[in-house]
Amino acid sequence: MLQPLVHYSLHFLLPIIIALVFFRHRWKSVALLLLAAIIIDLDHLFATPIFDPNRCSVGFHPLHNYVAIGVYLALLFFKNARIVALGLLLHIAADLVDCMWMN
């Protein structure tokens with residue numbers, strides 16, 4: 001019961017908190033960009049089964065693999081992509097917490 005609460009809080013509540021704390025003057029637009037990172041979960045549609053509660057998504061799905069994570073890290077160096085990169089990395093971090101919870 002606690003794991004899904006933590007998982008979805010990290011995906012939806014943490015980005016809003018980060019936007020409010022670090023981007024106060026434009027928190028709404030930053031929060032939307034950070035939350036939009038959930039779009040990388042579309043890669044779950046290519047897995048069989050689509051949802052497996054015992055599968056760690058990090059390292060398994062194409063947009064959650066280590067090459068993709070490297071790209072997200074590289075995007076931090078580009079000012080125009082920095083907030084999107086942060087959102088993607090927050091998403092990966094939330095999934096990593098979920099993976100650790102499983103083990």
Side-chain angles (χ1 to χ4, degrees):
M1 177 72 177
L2 188 59
Q3 182 182 2
L5 179 67
V6 170
H7 178 78
Y8 290 110
S9 293
L10 289 174
H11 275 305
F12 296 105
L13 196 58
L14 183 61
I16 294 169
I17 292 169
I18 288 173
L20 281 168
V21 171
F22 295 105
F23 302 94
R24 184 170 299 272
H25 61 287
R26 57 184 182 134
W27 74 270
K28 289 178 186 176
S29 60
V30 170
L32 286 174
L33 283 170
L34 294 176
L35 290 168
I38 197 118
I39 195 132
I40 68 169
D41 275 345
L42 287 176
D43 63 0
H44 291 244
L45 297 175
F46 299 109
T48 304
I50 291 173
F51 175 73
D52 181 354
N54 299 314
R55 178 175 59 217
C56 177
S57 61
V58 178
F60 182 82
H61 299 291
L63 297 175
H64 291 71
N65 70 26
Y66 301 108
V67 173
I69 294 168
V71 171
Y72 306 153
L73 285 168
L75 287 174
L76 289 173
F77 293 100
F78 298 93
K79 187 176 180 180
N80 292 339
R82 199 166 287 152
I83 292 174
V84 173
L86 178 62
L88 294 167
L89 291 168
L90 283 172
H91 181 93
I92 295 294
D95 286 351
L96 273 173
V97 168
D98 211 34
C99 294
M100 290 187 289
W101 201 298
M102 284 188 264
N103 295 327

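Only heavy atoms go into these numbers, but all of them, side chains included; no hydrogens, no water, no symmetry mates. For reference, positions follow the sequence shown, starting with 1.
The backbone N or O of Ala19 sits nowhere less than 3.5 Å from a side-chain atom of Arg26 that would complete a donor-acceptor pair. In this structure, Asn65 contributes its side chain and Pro62 its backbone to a donor-acceptor pair below 3.5 Å.
Hydrophobic clustering (ILVMFWY, side-chain heavy atoms < 4.5 Å, transitive): Val97 and Leu2 are in one cluster. Residues Ile18 and Leu13 share a hydrophobic cluster, clusters being chains of Ile/Leu/Val/Met/Phe/Trp/Tyr side chains in contact below 4.5 Å. Leu89 and Ile38 fall into different hydrophobic clusters, where Ile, Leu, Val, Met, Phe, Trp and Tyr side chains are chained together by heavy-atom contacts under 4.5 Å. When the side chains of ILVMFWY residues are joined at heavy-atom separations under 4.5 Å, either directly or via intervening members, Leu76 and Tyr66 end up in a single hydrophobic cluster. In the hydrophobic cluster analysis, where Ile, Leu, Val, Met, Phe, Trp and Tyr join through side-chain heavy atoms closer than 4.5 angstrom, Leu90 is grouped apart from Leu75.
Interatomic distance, CZ of Phe23 versus CG of Leu86, reported as 6.0 Å (0.5 Å rounding). The line from CD1 of Ile17 to CZ of Phe12 is 14.0 Å long, rounded to the nearest 0.5 Å. To the nearest 0.5 Å, the span separating NE2 on His11 from CG on Asp95 amounts to 4.0 Å. Summarising the geometry, atom CG belonging to Leu35 is positioned 5.0 Å from atom CD1 belonging to Ile16; distances are rounded to the nearest 0.5 Å. Summarising the geometry, atom NE2 belonging to His91 is positioned 9.0 Å from atom CG belonging to Leu63; distances are rounded to the nearest 0.5 Å. For the atom pair CZ of Phe60 and CG of Asp52, the computed distance is 8.0 Å after rounding to the nearest 0.5 Å.
Checking Asp41 against His61 by side-chain atom types alone, no donor-acceptor pair falls below 3.5 Å.
Ile92 places a side-chain heavy atom less than 4.5 Å from the side chain of Ile40. Between Pro49 and Arg55 the shortest side-chain heavy-atom distance falls below 4.5 Å.
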Stepwise side chain to side chain contact (heavy atoms under 4.5 Å, CB included) check, Phe22 with Val30: CA-CA 10 Å; Phe22 295 105; Val30 170; over 6 Å; no
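The environment of CD1 in Ile39 is sparse: at most 12 heavy-atom neighbours from other residues, nucleotides or ligands sit within 6.0 Å.
Scanning both residues, Ser57 and His44, for their nearest heavy atoms gives CB-CE1, 3.8 Å. Between Ile69 and His64, the shortest heavy-atom contact is CD1-O, 3.8 Å. When all heavy atoms of Ile83 and Leu34 are compared, the pair lying nearest together is O-CD2, 3.4 Å.
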